[in-house]
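Note that the structure is predicted; figures quoted are calculated from it, not measured. Numbered from 1 within each chain, the chains take letters A, B, ... in sequence-line order.
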Amino acid sequence: MKTDFKEEWKHLNPYQMEAVLDESPACVVNANVGSGKTTVLIAKILYLHYEKSVPLEEMVVLTFTNKAADEIISRLREREADLSREQVRGFGTFHSVALHLLKNQLPVEQMGWNREFTVISPDEEADLAAEVITAQKLKVKYKNRLKKRLEQEYQGYLRGKESSRYKDDLFLLYPLLEAEKKQQNKMSFSDLLRVCTELLLVGRTGNPVSEKEMSYTREGRTKELPGEYGENPALPWHPQWIIVDEVQDSDALQIEFLEALKGKDTRLFAVGDPNQVIYSWRGTGENMFYLLKHRFQAKELSLPVNYRSSASILEAANRFQQSGTGIQSSRETGGKIMVKNHYDPFQEAEYLAERIHALHDGGRAYGEIAVFYRLQKQSEILEKVFERQQIPYEVSVRKTIRDIPVLDWLIKVLRFSVNPADEQVGIDVLADPQYGEKCTRAKAKKTIQEQKRDSVLLYRRMMEFQGQEEWKKKEKVPGAAEIFAFFGLKEALHPTASSYYEDEKLVLKLLEKICRYCGEKDCGLIDGSREFVNRSALYGVNLLSGDGEVEESDFIGNHDGTVFSAAIGNGDGAAGDGIAREVAKIGNGIFPRDTVKLMTLHASKGLEFEIVFLIGMNQGLIPLHSQSMEQEEEERRLFFVGITRAKDELELSYYTNPGEPRVSGEYSRYLRMLPPHLLEWEELRSEGEKRSNLQQLRREVQEQIREKREREEEKKTAVKRARHPKYGEGILVSEDEMTVEVEFAGYGRKQFLKAFGEVTIEA
DNA sequence: AAGATCTATCTTTTT
DNA sequence: GATAGATCTT
């Protein structure tokens with residue numbers, strides 16, 4: 001085995017080598033863009049494991065996304081085919097590792113939860129908070145922004161600030177909410193990290209970081225904890241190594257988790273790039289990289305050499321590098337960066353289609369080309385035009401199980417089944433207008449609180465689930481059809497509804513996935529499904545596909561739930577229900593399909609392409625209007641991330657007539673910040689802008705986009721139920737001034753004139 | 001209940 | 001820098 005690495009290490013440069021071999025107590029690596037960060041990370045793990053005989057189980061490898069964790073594990077598996085799940089139990093996102101520790105090692109009971117706890121999403125936490133507010137008659141302002149407030153002010157609460165920003169009862173809500181979560185035996189994302197951190201700190205002595213330095217620990221909070229772990233001598237557990245990827249993205253809670261996890265003999269190795277902080281608006285601190293270095297008195301190494309981009313692209317990027325000593329190029333030359341203007345987004349899309357065709361004819365694969373933009377909605381025009389021009393493309397769209405109503409509901413059924421203490425999710429299931437028991441939330445609550453098992457089959461089955469002795473055994477995992485029948489799902493999915501076939505297929509697929517998961521984990525259905533639903537909460541999830549399988553008309557995504565929904569340039573991409581679109585899997589940054597990739601600048605982070613078009617380089621778009629200096633700096637980093645994705649060719653373009661309210665017809669000042677000798681300007685603005693075919697294109701595309709938006713709006717509006725004397729209860733499909741359209745189970749869709757007043761719509 | 005005032009959102013999205 | 005929505009003031 002060892003010789004393999006010697007061979008591989010020949011390709012490492014001295015900086016990379018130094019990082020791999022470093023064994024300082026704490027080390028942070030300042031890794032420039034494209035400097036082989038992941039290579040170093042993997043080499044380091046392999047080095048420690050094979051050369052230094054550190055068992056993989058003694059390493060905790062933390063990433064920020066599931067995708068990154070999956071990439072590391074799969075690269076490891078290339079070396080060691082029979083790598084077991086157990087061996088890499090410490091590899092994953094901060095949250096998934098915390099979950100694993102809470103489930104398997106830490107005495108979670110001491111904090112008021114039970115080992116069978118489930119994980120809830122921020123949405124569910126906000127819903128629960130709203131209920132607590134009502135029940136306790138709290139005065140909380142801005143309830144429509146509760147989710148955001150809950151998250152934003154949590155740090156302040158933990159740090160012992162006296163009251164919330166708006167002088168209301170929010171800080172009274174937190175402890176009540178926590179009590180309710182304990183009562184219902186469930187944890188939010190931040191609970192996972194916080195509770196895990198606190199338990200790791202229990203009874204700890206001789207730590208490099210004293211508890212007083214823990215910035216979130218409130219006076220008194222730690223004292224409430226029991227002082228020791230009781231009879232378990234293995235605790236507290238500390239790994240030999242902690243390895244952190246993309247450390248610039250960590251937040252305060254994550255740093256504290258690191259501090260708690262790090263024992264006095266634990267070594268810490270963290271890699272990151274302060275120039276690629278583009279998510280600080282969602283809570284990442286600005287200087288986490290240096291904060292970490294300071295906290296752990298870490299040695300700082302750097303990876304200065306970029307192996308990705310041409311010399312001219314790097315010279316441009318260096319003007320936007322905000323920290324560090326500049327990126328060193330590994331390539332001698334590079335063509336100029338093209339700068340072009342277009343009349344408007346339509347003309348630009350037409351131009352791009354033409355250019356891409358030419359590139360393809362010249363031997364470039366579609367998959368080597370990407371188009372980046374600042375805003376999600378900028379993809380619409382490109383999509384329509386590329387469809388017409390027969391350009392195969394994929395757009396990055398985040399899709400998860402939660403976006404598919406029937407699966408969202410099914411997961412909730414399972415969540416309640418494995419944790420009947422979760423009253424809230426039970427109510428969600430029974431009161432679901434589409435798949436539930438056609439009852440109000442109040443009635444569902446009564447059913448659950450009074451445990452009226454006999455009234456509703458579904459409720460009874462959910463309550464009986466955990467009692468199925470057979471299903472506790474690992475050798476008795478049932479098939480999907482058996483579980484389907486057990487819950488009486490056929491009835492719930494309305495066998496006569498037009499959506500039944502699709503729903504049933506999706507449900508069975510997910511159930512099969514769960515059964516397979518139990519097999520892999522070698523556990524019974526009860527434990528397996530509890531773990532599965534928890535993972536699905538953290539995984540954003542698309543767990544519908546097995547690895548690598550790509551089926552037509554299927555719904556497949558990679559592990560972090562990102563799906564590149566594709567249209568293959570053959571007309572209606574958004575067919576039917578909008579779910580079963582043809583979709584391709586991306587994993588590990590490798591795109592199996594030969595398609596042009598369309599994505600936002602944010603989504604481009606971590607990827608690379610031979611040819612990159614960065615469009616909409618207008619003042620007010622790149623950079624987007626920002627109200628603070630910090631935000632403006634982040635816009636610059638975003639641009640930096642975008643241009644450094646390109647290996648060979650970079651083309652920037654702007655509109656002279658953007659046609660959007662906040663976007664100026666001026667080109668971005670960022671273009672003036674680039675060294676002029678690197679740019680080649682081409683004036684494309686022509687009279688062609690008035691070509692009639694282009695005007696027709698504009699009209700048609702705008703109409704299509706308008707329709708698409710309407711359809712989406714329709715879908716978003718909550719499902720309303722309607723009642724008709726003859727057809728009974730149905731689901732409201734659409735409504736205007738004159739008519740209503742209702743879908744009835746068994747009768748299909750019917751339209752009615754409002755004036756007749758036969759149909760009553762529920763509020 | 002109207003009118004004044006405050007706040008966040010125009011954007012990006014992970015767990 | 002305009003606007004929608006919630007909250008506060010009267």
Side-chain angles (χ1 to χ4, degrees), chain A residues 62-70 92-100 102 119-125 139-154 164-168 187-194 196 245-246 248-251 253-254 257 276-284 372-379 396-403 534-542 558-563 599-606 616 618 620-628 630-632 634-639 641-642 660-664:
Chain A
L62 298 166
T63 60
F64 285 84
T65 63
N66 290 297
K67 186 178 154 198
D70 288 340
T93 60
F94 278 80
H95 292 84
S96 69
V97 170
L99 175 65
H100 186 271
L102 290 169
V119 180
I120 57 170
S121 68
D123 284 309
E124 291 168 302
E125 186 176 29
K139 191 185 108 224
V140 174
K141 294 177 184 172
Y142 301 108
K143 283 210 215 41
N144 56 334
R145 299 188 273 259
L146 188 58
K147 189 169 87 176
K148 207 157 208 181
R149 287 199 61 197
L150 229 37
E151 199 186 315
Q152 281 180 348
E153 298 190 48
Y154 190 59
S164 87
R165 275 180 65 190
Y166 304 114
K167 292 184 277 189
D168 62 5
M187 286 196 199
S188 67
F189 290 168
S190 56
D191 290 334
L192 291 172
L193 282 180
R194 199 202 77 235
C196 191
D245 190 18
E246 303 271 22
Q248 78 281 356
D249 284 332
S250 28
D251 60 27
L253 221 51
Q254 287 165 329
F257 175 67
Q276 292 187 68
V277 175
I278 57 171
Y279 288 120
S280 67
W281 46 270
R282 55 172 207 223
T284 306
F372 301 159
Y373 36 83
R374 180 61 179 81
L375 304 180
Q376 207 76 258
K377 66 175 178 195
Q378 289 177 269
S379 75
S396 79
V397 179
R398 200 187 141 72
K399 276 259 179 203
T400 75
I401 278 184
R402 282 169 212 288
D403 298 317
N534 281 337
R535 277 168 59 93
S536 90
L538 285 178
Y539 249 25
V541 177
N542 191 324
N558 70 347
H559 291 296
D560 73 348
T562 308
V563 161
M599 67 188 82
T600 61
L601 285 169
H602 284 87
S604 76
K605 194 182 175 195
N618 286 64
L621 203 47
I622 299 175
L624 203 65
H625 279 119
S626 32
Q627 52 262 71
S628 68
E630 290 75 42
Q631 273 186 35
E632 147 64 15
E634 182 138 318
E635 290 292 313
R636 292 209 308 265
R637 290 193 293 270
L638 192 57
F639 178 66
V641 166
E660 285 284 329
R662 274 177 294 273
V663 182
S664 147

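Checked for salt-bridge contact, Glu151(A) and Lys147(A) miss the test: no charged N lies under 4.0 Å from a carboxylate O.
Taking atom NE2 of His625(A) as the reference point, atom P of dT9(B) lies 18 Å away to the nearest angstrom. Residue Ile278(A) contributes atom CD1, which lies 12 Å from atom C1' of dT14(B) at whole-angstrom precision. Rounded to an integer number of Å, the gap from Tyr373(A) OH to dT11(B) C1' is 14 Å. Rounded to whole Å, the distance from CG on Leu193(A) to P on dT14(B) is 16 Å. In this structure, the CG atom of Leu601(A) is 10 Å from the P atom of dT13(B), given to the nearest Å. The interatomic distance linking Asn144(A) (CG) with dA6(C) (P) rounds to 5 Å, in whole Å. Straight-line distance from the CZ atom of Phe372(A) to the P atom of dT11(B): 21 Å, rounded to whole Å. Taking atom CZ of Arg535(A) as the reference point, atom P of dT15(B) lies 12 Å away to the nearest angstrom.
Applying the Watson-Crick and G-U wobble criteria (two distances, each under 3.5 Å), dA6(C) pairs with dT5(B).
Here dT12(B) is the nucleotide among dT12(B), dT15(B), dT7(C) with the atom lying nearest to any side-chain atom of Gln376(A). Of the candidate nucleotides dT7(C), dT13(B), dT11(B), dT7(C) has the atom nearest to the side chain of Lys141(A). If you check dT15(B), dT11(B), dC6(B) against the side chain of Tyr142(A), the one that comes closest is dC6(B). In the set dT13(B), dT7(C), dT11(B), dT11(B) carries the atom at the smallest distance from any side-chain atom of Leu375(A). Closest to the side chain of Arg145(A), from the set dT11(B), dT9(B), dT13(B), is dT9(B). Closest to the Leu624(A) side chain, of the nucleotides dC8(C), dT7(B), dT11(B), is dT11(B). Among the nucleotides dG1(C), dT13(B), dT15(B), the one closest to the side chain of Arg662(A) is dG1(C).
Checking the phosphate oxygens (OP1, OP2) of dT13(B), a side-chain nitrogen or oxygen of Thr600(A) falls inside 4.0 Å. An OP1 or OP2 oxygen of dT15(B) is reached within less than 4.0 angstrom by a side-chain nitrogen or oxygen of Asn66(A).
Taken from CG in Leu102(A) to CG in Asp191(A), the straight-line distance is 9.5 Å, to the nearest 0.5 Å.
Residue-level contact check: Phe189(A) touches the bases, meaning some heavy atom is under 4.0 Å from a base atom.
Between Arg636(A) and Glu634(A), every side-chain heavy-atom pair lies at or beyond the 4.5 Å cut-off.
Contact record, Val140(A) with Leu146(A): CG1-CD1, 4.1 Å, taken as the closest heavy-atom pair.
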Working for side-chain hydrogen bond (donor to acceptor under 3.5 Å, both in side chains), residues Glu635(A) and Ser626(A): CA-CA 8 Å; Glu635(A) 290 292 313; Ser626(A) 32; 5.8 Å; no
Test log, rule side-chain hydrogen bond (donor to acceptor under 3.5 Å, both in side chains), inputs Gln376(A) and Gln378(A): CA-CA 5 Å; Gln376(A) 207 76 258; Gln378(A) 289 177 269; over 6 Å; no
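Comparing His95(A) and Lys148(A) against DNA chain B, the residue whose closest nucleotide sits nearer the 5' end is Lys148(A).
Rounded to the nearest Å, the gap between the P atom of dA2(C) and that of dT12(B) is 23 Å. Using atom P as the reference point in both dT13(B) and dT9(B), the two lie 16 Å apart (nearest Å).
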